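Please read all numbers here as calculations on a predicted model, not as lab measurements.
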Amino acid sequence: MADPTSHAKTRAPAPALAPTLTPPLDPPLTPPLTPPLDPPLDPAPGPRAAPRPGRRAFLESTAALAGGLVLGFWLPPGGTRVAQAQSAPTPFAPNAFLRIAPDGTVTVMCNKSEMGQGVYTAFAMLVAEELEADWSKIRVEAAPNDAKLYGHPQFGMQFTGGSMSVTSEWDRLRQAGAAAREMLVSAAARTWGVARSACRAENGAVLGPDGKRLGYGELAAAAGRLEVPKEVALKPPSAFRVIGKPTKRVDSRDKVTGRAQFGLDVRREGMLTALVARPPAFGATVKDFRADKVEGIPGVRAVVKIPQGVAVVASSFWAAKQGRDALEVEWDTSAADLVSTAAQRARFAELAKTPGLPAKRAGDADKALAGAAKQLAAEYDVPYLAHAPMEPLNVVVALEPDGCEVWTGTQMQTGDAAAIARLTGIAPERIRIHTTLLGGGFGRRASSSADFVVEALYVAHAVSRGTNKALVRVVWTREDDIRGGYYRPQWHSRIAAGLDAAGMPVAWKHTVVGQSILDGTPFAGMIKDGVDATSVEGAADLPYAVPNVAVDLHSPKVGVPVLWWRSVGHSHTAFVVESFVDELAHAAGRDPVAYRRALLAAHPRHLAVLELAAEKAGWGKPLPKGSARGVAVHESFGSRVAQVAEVTVEGGRVRVTRVVCAVDCGLPVNPDGIRAQMESAIAYGLSAALHGAITLKDGRVEQSNFHDYPVLRLSEMPAVEVHIVPSTDRPTGVGEPGTPPIAPAVANAVFAATGKRLRALPLRVA
Amino acid sequence: MAILVINDERISTNLPEDTPLLWFLRDHLGLTGTKFGCGMALCGACTVHVDGEPVRSCITPIGSVAGKDVTTIEGLSKTGEHQVQQAWLAEDVPQCGYCQSGMIMAAAALLAKTPKPTDRDIDGAMDGLICRCGTYNRIRRAIHTAAAMTPAPAAPAAPAPRSAAPGKPAASSPRSAPTAAPRKGG
């Protein structure tokens, strides 16, 4: 039978560079290189080949083949729009977001990674709305990596995160659709020799006088020769036909038939597969390794040392897996951070007793606290968390002496490409990143250090044996994923409040302790006066009317790599703030909803979702014994979400039976997508609230797979009702804002049901 | 040399018999619709049918399925018209979609045996499968929707077991032992 990888069995000859190599198992070809200050990987770059056709030429040829319309915009920062559309063979404008083929197919180039959040569908809707497209003819493709064309309008980088895809492309994509529509209408008017005003666009065609009709495909070539209108007036929300309508996903059919292409499904002729043995403790390095037991394993082609560990390279995953299992590595742990979770918690708690850097100051919290009629204090803890997307990390690297192609499900195209350029010296325009569908991202695939792409690059380079020519994919197992770091940080909070005689807060003092996500990354410049805003988001912007507030931050350095995890800082601050407000309400003898209502007068949107969720949940209505409701409201990524959770506590087990969620995310683009994201964010947050914890002992991660890092399962999924606040404001985040409120809503419900205040996640009643 | 019957096609291989079915399907046959999620039968992303039974292909050696009918998501229906796939589209279940092949195969196997499943039946059949996007409520709804449809006449979801005698394939247990281990700090 055809083995798609069998033709890769010829080993490259051992180069002169490494004369001591013993085939087929090789020690490293080059001394380990340590990012980020490496020389180019190529030890002796020869003369570069003539530049290959770049992105623009690629688009050109693609469209030339299609003979259709490519429309692009380039928006210089703060400047006027320069836009043009041209048919082949003249050069195309950069930044093409849509193209129309002669058969009328509209292809939307999506500059954001589809990881389940529904961005392909939402972006298609934005374009289709103004284009007056025939929805059945819309296709979506992942845009190539090109920050100039596809970068964030303000930040410049091409990435997907911060729940900002729709809000950041809200104008640009609608403009792209509107300008194309105007050009198609003009083309039709010219074709017919009638006034433009006598023509209108509808459902993928232009209609003219006397029943004239031309489809967009028929008009594409003519439209492509016209000037792009400088400025097109966009529809008011009242005229929307597509935006605001519950719309089915454009990618569902491929996903129910197994045709959808994730990174792990990429197959290239001659591709080898590598698994990497990584250190047992973060910061440990390879002292020595023995590969003699690997030698006899069929399919294994090489064992190579890289800075991150030792890679076993084989013709298939299973061969590589068996090879890695047989590999013996001796690790040098002298530089490892031998973290233990309990000790770290104690260390953080001590640190929290000392003043940190000011993240927020209003009034005089210490003085007000001392003079308060009643004082409350508490400590809260949350653990490290792995993102655990269903698709383990994987990267295909095709390394050439003068170019590099990568196929992977990444959320961080610009960062990945920059890392490749830095390490290899390859010109940026010759680095191509093919973004596949992502089998979940949740932040793990937005690696600020490009860790998984860089590692794969090292493997490819080592495999190339000095030729700088290799085609290899690196696959992570679930164990690699769970133990591989880049976790949501472990956080400790020390919090105190002072109440006046009426029970209302007059002082709020919150000290947050945990690792900075930005520190030591290319994003470190975002740290202001020592304060990483992502550590205290959701805490430093306390919405409740408290006159004296102090929020302090300690950012201890720990050798465990950390990263943004769905909702980032809000994933811990909402738990602390919303639980503690509940504690205050209880101390004041007030109903939790009424207490919050009294403190949110200045935040009508918070108030609106709170009232909506409470009303729909039947707040205050009796529940069976052992069951109770809890509430939380939180703003993140520009959106306000309130959730009421109903829980039943039986035999020490918390069962969440129903969640009522109210969300204000500005104008709802795809209401069904928003519902799906709220359901998803609640499930993701419940995994953390009920189950999730990465713990370390002497630097070693104690979990490895879904048996000891359990996540929410179907039987635990509560009924979820989502209520969307009508709005015509600019859309705000949807992917993450549903996660922060669920843990505190559940914890508050547990308190209401049992009288037990749980101040650590995951929640443990017994 | 083992002979396997995959999506009605006879395929011979001289790979070692302990090669997991999952990697034979993916790396050697290019049937990438069946997914790798955990490698330990803990997540169900790799679920296929062996003689109609849902099986975790990641821990199923190819030697153990020689001569048996293996159906993957690619073979569930020719064009995605199986009632479960139709119901999945009707409820717009997928998000990232990575787990959905396994979910659909598990649901199809459930409905073949239990045409009108209760919520408890669904819990039993589906609790061994993980969706990190949390599409569980839509999965449940879609299974009920599929149950309400007339099964497609040619649906290969429920081939009659060839023999009543053999025990269930080793990998058919929806949750394997490690899940039952006491949770840390629990």
Undergrad: Are B:Ile130 and A:Arg713 side-chain neighbours, meaning at least one heavy-atom pair lies under 4.5 Å?
TA: yes
Undergrad: With a 4.5 angstrom heavy-atom cut-off, is it the side chain or the backbone of A:Ala719 that approaches chain B, or both, or neither?
TA: backbone
Undergrad: So B:Tyr98 and A:Pro392, do their side chains get closer than 4.5 Å, heavy atoms only?
TA: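 A:Pro392 reaches B:Tyr98 side chain to side chain.
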Undergrad: With distance as the sole test, does B:Tyr136 use its side chain to make a donor-acceptor pair with the main-chain N or O of A:Ala683 at under 3.5 Å?
TA: no
Undergrad: Side chain, backbone, both or neither: which part of B:Ile139 has a heavy atom under 4.5 Å from chain A?
TA: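 Contact with chain A is through the side chain of B:Ile139 alone.
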Undergrad: Is there a side chain to side chain contact (heavy atoms under 4.5 Å, CB included) between A:Met390 and B:Cys133? Walk through the geometry before answering.
TA: CA-CA 9 Å; A:Met390 284 313 296; B:Cys133 299; over 6 Å; no
Undergrad: With rounding to the nearest 0.5 angstrom, report the CG to CG distance, B:Asp92 to A:Asn670.
TA: 8.5 Å
Undergrad: So, do A:Met717 and B:Arg140 sit near enough that their side-chain heavy atoms are less than 4.5 Å apart?
TA: no
Undergrad: Heavy-atom distances under 4.5 Å only: say whether A:Ala676 touches chain B with side chain, backbone, both or neither.
TA: both
Undergrad: What part of A:Thr121 lies closer than 4.5 angstrom to a heavy atom of chain B: side chain, backbone, both or neither?
TA: neither
Undergrad: Could you walk me through whether A:Lys255 and B:Gln95 pass the side chain to side chain contact (heavy atoms under 4.5 Å, CB included) test, one step at a time?
TA: CA-CA 9 Å; A:Lys255 288 177 175 177; B:Gln95 288 188 26; over 6 Å; no
Undergrad: If you look at every heavy atom in B:Thr32 and A:Gln261, which pair is closest and at what distance?
TA: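 What the structure gives for the nearest pair is OG1-NE2, 4.0 Å.
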Undergrad: For B:Cys38 and A:Phe706, which heavy atoms make the closest approach, and how far apart are they?
TA: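 Looks like CB-CD1, 3.9 Å.
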Undergrad: Shorter than 4.5 Å, heavy atoms on both sides: which option in B:Glu74, B:Arg138, B:Arg132 has the most such pairs with chain A?
TA: B:Arg132
Undergrad: So, taking the atom named OG in A:Ser252 and the one named CD in B:Glu91, what distance separates them when rounded to the nearest 0.5 Å?
TA: 11.5 Å
Undergrad: Which region of B:Thr135, side chain (C-beta onward) or backbone (N, CA, C, O), has a non-hydrogen atom less than 4.5 Å from a non-hydrogen atom of chain A, or is it both or neither?
TA: neither
Undergrad: Please classify the contact between A:Glu479 and chain B as side chain, backbone, both or neither, with a heavy-atom cut-off of under 4.5 Å.
TA: side chain
Undergrad: Test salt bridge (Lys or Arg N to Asp or Glu O under 4.0 Å) on B:Lys35 and A:Asp265 and set out the steps.
TA: CA-CA 9 Å; B:Lys35 302 304 187 195; A:Asp265 304 329; 2.5 Å; yes
Undergrad: Indicate yes or no: at least one non-hydrogen side-chain atom of A:Leu264 is less than 4.5 angstrom from one of B:Phe36.
TA: yes
Undergrad: Taking side chain as everything from C-beta outward and backbone as N, CA, C, O, which of these in A:Arg675 sits under 4.5 Å from a heavy atom of chain B? Side chain, backbone, both or neither.
TA: both
Undergrad: In terms of heavy-atom pairs under 4.5 Å, which option from A:Asp251, A:Thr477, A:Ile482, A:Leu712 contacts chain B the most?
TA: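 So the answer, after comparing A:Asp251, A:Thr477, A:Ile482, A:Leu712, is A:Leu712.
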Undergrad: In terms of heavy-atom pairs under 4.5 Å, which option from B:Gly80, B:Gly33, B:Cys96 contacts chain A the most?
TA: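 Highest number of heavy-atom pairs under 4.5 Å: B:Cys96.
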Undergrad: A:Phe317 vs B:Arg26, test: side chain to side chain contact (heavy atoms under 4.5 Å, CB included). Steps then yes/no.
TA: CA-CA 9 Å; A:Phe317 172 91; B:Arg26 291 186 55 85; over 6 Å; no
Undergrad: Let me know if A:Val765 has heavy atoms under 4.5 Å from chain B in its side chain, its backbone, both or neither.
TA: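 Neither part.
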Undergrad: Mark yes or no for whether A:Arg478, through its side chain, and B:Gly37, through its backbone, hold a donor-acceptor pair below 3.5 Å.
TA: yes
Undergrad: Sort A:Asp672 into side chain, backbone, both or neither according to what part of it lies under 4.5 angstrom from a heavy atom of chain B.
TA: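 Interface part for A:Asp672: both.
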Undergrad: Pick one of side chain, backbone, both or neither for B:Ala90, based on which atoms fall under 4.5 Å of a heavy atom in chain A.
TA: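 When you check distances to chain A, only backbone atoms of B:Ala90 fall under 4.5 Å.
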Undergrad: At a heavy-atom distance under 4.5 Å, which candidate from B:Gln100, B:Gln85, B:Met103, B:Met126 has the highest pair count against chain A?
TA: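 Result: the option with the highest number of such pairs is B:Gln85.
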Undergrad: For A:Arg658, is the CZ atom crowded, meaning more than 12 foreign heavy atoms sit under 6.0 Å from it?
TA: yes
Undergrad: With a 4.5 angstrom heavy-atom cut-off, is it the side chain or the backbone of B:Thr79 that approaches chain A, or both, or neither?
TA: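 Contact with chain A is through the backbone of B:Thr79 alone.
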Undergrad: Tell me the closest heavy-atom pair linking B:Asn137 and A:Val720, and the distance in Å.
TA: ND2-N, 3.7 Å
Undergrad: Tell me, for A:Pro718 versus chain B, whether the close heavy atoms (under 4.5 Å) come from the side chain, the backbone, both or neither.
TA: backbone
Undergrad: Under a 4.5 Å cutoff for heavy-atom pairs, which residue among B:Cys131, B:Pro94, B:Ala45 has the most contacts with chain A?
TA: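 Option with the top pair count is B:Pro94.
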Undergrad: Assess whether a salt bridge exists between B:Asp18 and A:Lys321, defined as any Lys/Arg side-chain N lying under 4.0 Å from an Asp/Glu carboxylate O.
TA: no
Undergrad: Looking only at heavy atoms, which two atoms of A:Gly258 and B:Ser101 are closest? And how far apart?
TA: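 A:Gly258 and B:Ser101 have their closest heavy atoms at CA-OG, 3.9 Å.
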Undergrad: Chain B: which of A:Pro298, A:Ser680, A:Gly673 shares the most heavy-atom pairs with it under 4.5 Å?
TA: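 Greatest number of close heavy-atom pairs with chain B: A:Ser680.
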Undergrad: Apply side chain to side chain contact (heavy atoms under 4.5 Å, CB included) to residues A:Arg259 and B:Ile73 and explain how you reach the verdict.
TA: CA-CA 9 Å; A:Arg259 285 199 296 261; B:Ile73 186 75; over 6 Å; no
